[in-house]
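Keep in mind that what you see is a predicted model, and the values were worked out from it rather than measured.
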Amino acid sequence: MKLKRRITKRGRIEIIPLIDTILILLIFYMSFSSFEAKEKRIDAKIPLISKTMSPGTKFELDLTLHVYSQSNILVNGASYDSEGLREQMKLFTTTPDQGVTVVIEGEPDTKYQAIISALDACAQAKLTKVAFRPLSDKSAAGAAAPAAPAR
Amino acid sequence: MKIKRRTVKRGRIEIIPLIDTIVILLIFYMTFSRFAEAQREAALKLPESRAGDEFKKLPQQVIVNMHSSEHVSIGGVKYKVAELPNIIRNYYANLGRTDPLLAKKLKDGDVKPSIILRGSRDMAYKDLSDFMKVCAKTDLREFLPAGSPPGVTEVTFTADEIRGK
């Protein structure tokens with residue numbers, strides 16, 4: 001009797017399911033890669049806003065940050081970049097008094113990124129009482145703004 | 001003659017197309033639920049920061065996407081910053097109809113009106129200053145407890161997390 005030879009199936013890669021899988025993985029990574037940068041929130045209470053409307057109003061224990069740019073933020077007459085400012089702001093949190101109110105002000109053309117960097121430095125130093133001094137109508141209209149001091 | 005019995009094919013669920021479909025639906029809903037969640041404008045380039053908590057929108061918060069004083073959008077509709085007081089007032093006025101419980105909490109002072117500002121990193125301080133003046137101008141006292149200060153006093157700034165270091 002002739003024995004039938006057993007046919008051995010050769011393993012092979014199925015192309016169509018492979019393409020399906022690759023396509024789905026591609027869509028998945030394309031969709032979610034854009035969300036990799038996490039959005040964060042920095043809370044600021046602005047109860048002083050009506051008082052800060054008038055330029056020159058002083059508060060107790062206030063600390064004014066005048067932001068010209070990300071690399072030129074003026075505090076107590078000294079200029080810092082955003083990294084240096086963070087270290088400087090930490091000095092205020094080491095003092096026993098936590099009642100420091102930080103007032104942030106800027107030039108009409110100061111970039112919003114620079115303002116957020118200053119706010120970020122305050123948040124990292126755990127200084128949470130932050131107020132903004134809006135521009136007076138005169139400077140907002142483009143009147144001669146003080147020149148940025150050299151660093 | 002022997003009659004061949006008709007074979008009835010039993011219906012069965014095809015597993016592989018089912019998995020394909022489920023995965024695609026999953027990706028679809030995961031992707032779009034994020035946009036629906038918070039009326040956030042994906043095209044806006046936010047500034048970057050290290051500090052901050054996880055982004056979370058509270059029910060009483062209005063999200064304002066701001067490119068400049070001339071281009072502000074809320075819920076996909078474009079406005080000018082000068083129009084914001086009316087828009088914000090209408091939002092809180094409509095709460096009585098859409099969410100009476102939240103409106104009551106506002107009136108009792110349990111929650112405060114608040115704005116989430118999603119500003120473009122390229123806008124200027126002048127634009128931010130205009131926005132703050134508008135916040136101060138928006139009179140919401142009729143929706144708040146007696147003796148409340150006028151204006152929106154709480155603003156949450158958002159930024160993208162700086163990666164690395």
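In this structure, A:Phe132 has its ring center no closer than 6.0 Å to that of B:Tyr125.
For the side chain to side chain contact (heavy atoms under 4.5 Å, CB included) with A:Tyr112, the qualifying choice from B:Asp127, B:Asp122, B:Leu117 is B:Leu117, the only one to do so.
Note on B:Leu58 and B:Val62: separate hydrophobic clusters, where clusters join Ile, Leu, Val, Met, Phe, Trp and Tyr whose side-chain heavy atoms are under 4.5 Å apart, directly or indirectly. Residues B:Ile87 and B:Val77 fall within the same hydrophobic cluster, defined by Ile, Leu, Val, Met, Phe, Trp and Tyr side chains chained together at heavy-atom separations under 4.5 Å. When the side chains of ILVMFWY residues are joined at heavy-atom separations under 4.5 Å, either directly or via intervening members, B:Ile16 and A:Ile15 end up in two distinct hydrophobic clusters.
A:Leu23 does not touch chain B: none of its heavy atoms, backbone or side chain, sits under 4.5 Å away. When heavy atoms are compared at a cutoff of 4.5 Å, A:Asp109 approaches chain B solely by way of its backbone atoms N, CA, C and O.
Annotation: side chain of B:Ile24 is not in contact with side chain of A:Ile27 (no heavy-atom distance under 4.5 Å).
The two residues A:Leu135 and B:Lys133 have their closest heavy-atom pair at O-NZ, 2.8 Å. A pairwise comparison of heavy atoms in B:Ser49 and A:Ile116 identifies CB-CG2, 4.2 Å as the closest pair. Taking both residues in full, the closest heavy atoms of A:Pro134 and B:Met132 are given as CA-CE, 4.4 Å, listed atom of the first, atom of the second, then distance.
A:Ile115 contributes atom CD1, which lies 6.5 Å from atom CG of B:Leu128 (distance to the nearest 0.5 angstrom). Between the OG atom in B:Ser120 and the NZ atom in A:Lys111 there is a gap of 8.0 Å [rounded to 0.5 Å]. With rounding to the nearest 0.5 angstrom, the OG atom of A:Ser82 is 11.0 Å from the CD atom of B:Glu48.
Between the side chain of A:Gln124 and the backbone N or O of B:Arg50 there is no donor-acceptor pair closer than 3.5 Å.
Within 6.0 Å of atom NZ in B:Lys107, more than 12 heavy atoms from other residues, nucleotides or ligands are found, so the atom counts as buried in its surroundings.
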